[in-house]
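Just so you know, these numbers use all the heavy atoms, side chains as well, and skip hydrogens, waters and symmetry mates.
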Amino acid sequence: QVQLVESGGGMVQAGGSLRLSCVSSGTTFSGNTMAWYRQAPGKNRELVARIGSGNNTYYTNSVKGRFTISRDNAKNSVYLQMNSLRPEDTAVYYCNAWRWNEFDYWGQGSLVTVSS
């Protein structure tokens, strides 16, 4: 069973920055696809950023140029650096670990609140 432990959420002013961290245990890490999703109040969960085992990345349009996803396989960790935060970025952010035909696991979520 995979466990994902998230940290780094909090409250910031618009234009500020936060760095989310997610540490994985219970499985091999380097071959996993890792991702960050978020869910704002009253909205569906959406994919924010994803990083593959070869460090290929994907970002949803609304965060391109502002957010950076990265991974450190030696630490079994994935990170989301969030810069130039906007109020519409306010959401619960979830870490996700995925491997084809093997698993799809989620962290508990970390609340990010961006004030005007």
Check: Any side-chain donor-acceptor pair under 3.5 Å between Asn76 and Ser24?
Finding: no
Notebook entry, point to check: Hey, are the side chains of Leu18 and Leu85 touching, using non-hydrogen atoms and a 4.5 Å cut-off?
Noted result: yes
Check: Between Thr113 and Val12, is any pair of side-chain heavy atoms under 4.5 Å apart?
Finding: no
Between [X] and [Y], which heavy-atom pair has the shortest distance, and what is it?
{"X": "Cys95", "Y": "Val78", "answer": "SG-CG1, 3.7 Å"}
{"X": "Gly8", "Y": "Leu20", "answer": "C-CD2, 3.6 Å"}
{"X": "Ala97", "Y": "Met34", "answer": "CB-SD, 3.6 Å"}
{"X": "Ser116", "Y": "Ala14", "answer": "CA-CB, 4.5 Å"}
{"X": "Asn96", "Y": "Tyr105", "answer": "ND2-O, 3.1 Å"}
{"X": "Arg66", "Y": "Asp89", "answer": "NH1-OD2, 2.8 Å"}

Margin query: Please list all pairs meeting ring-ring contact (aromatic ring centres under 6.0 Å, His included) that have one or both residues in residues 16-45, counting only residues at least two apart or in different chains.
Written below: Tyr37-Trp106
Notebook entry, point to check: Got more than 12 heavy atoms from elsewhere within 6.0 Å of CD, Gln108?
Noted result: no
With rounding to the nearest 0.5 Å, note down the distance linking [atom1] in [X] to [atom2] in [Y].
{"X": "Ser77", "Y": "Asp72", "atom1": "OG", "atom2": "CG", "answer": "6.5 Å"}
{"X": "Thr90", "Y": "Leu111", "atom1": "OG1", "atom2": "CG", "answer": "8.0 Å"}
{"X": "Ser7", "Y": "Arg19", "atom1": "OG", "atom2": "CZ", "answer": "9.0 Å"}
{"X": "Phe67", "Y": "Met82", "atom1": "CZ", "atom2": "CE", "answer": "5.5 Å"}
{"X": "Trp98", "Y": "Asn32", "atom1": "CH2", "atom2": "CG", "answer": "10.0 Å"}
{"X": "Ser25", "Y": "Gln3", "atom1": "OG", "atom2": "CD", "answer": "4.5 Å"}

Checklist line | Gln39 side chain to Val92 backbone, donor-acceptor under 3.5 Å | finding: no
Only distances under 3.5 Å count here; give the side-chain donor-acceptor pairs of residues 41-58 to other protein atoms, sequence neighbours excluded, each with its distance to 0.1 Å.
from: Glu46; atom 1: OE2; to: Arg38; atom 2: NE; distance (Å): 2.7
from: Glu46; atom 1: OE2; to: Arg38; atom 2: NH2; distance (Å): 3.2

Item checked: Under-4.0 Å salt bridge between Arg99 and Asp104 -> no
Check: With hydrophobic residues grouped by side-chain heavy-atom distances under 4.5 Å, do Leu80 and Val114 end up in a single group?
Finding: yes
Checklist line | Linked, directly or transitively: Tyr79 and Tyr93 (ILVMFWY side chains, under 4.5 Å) | finding: no
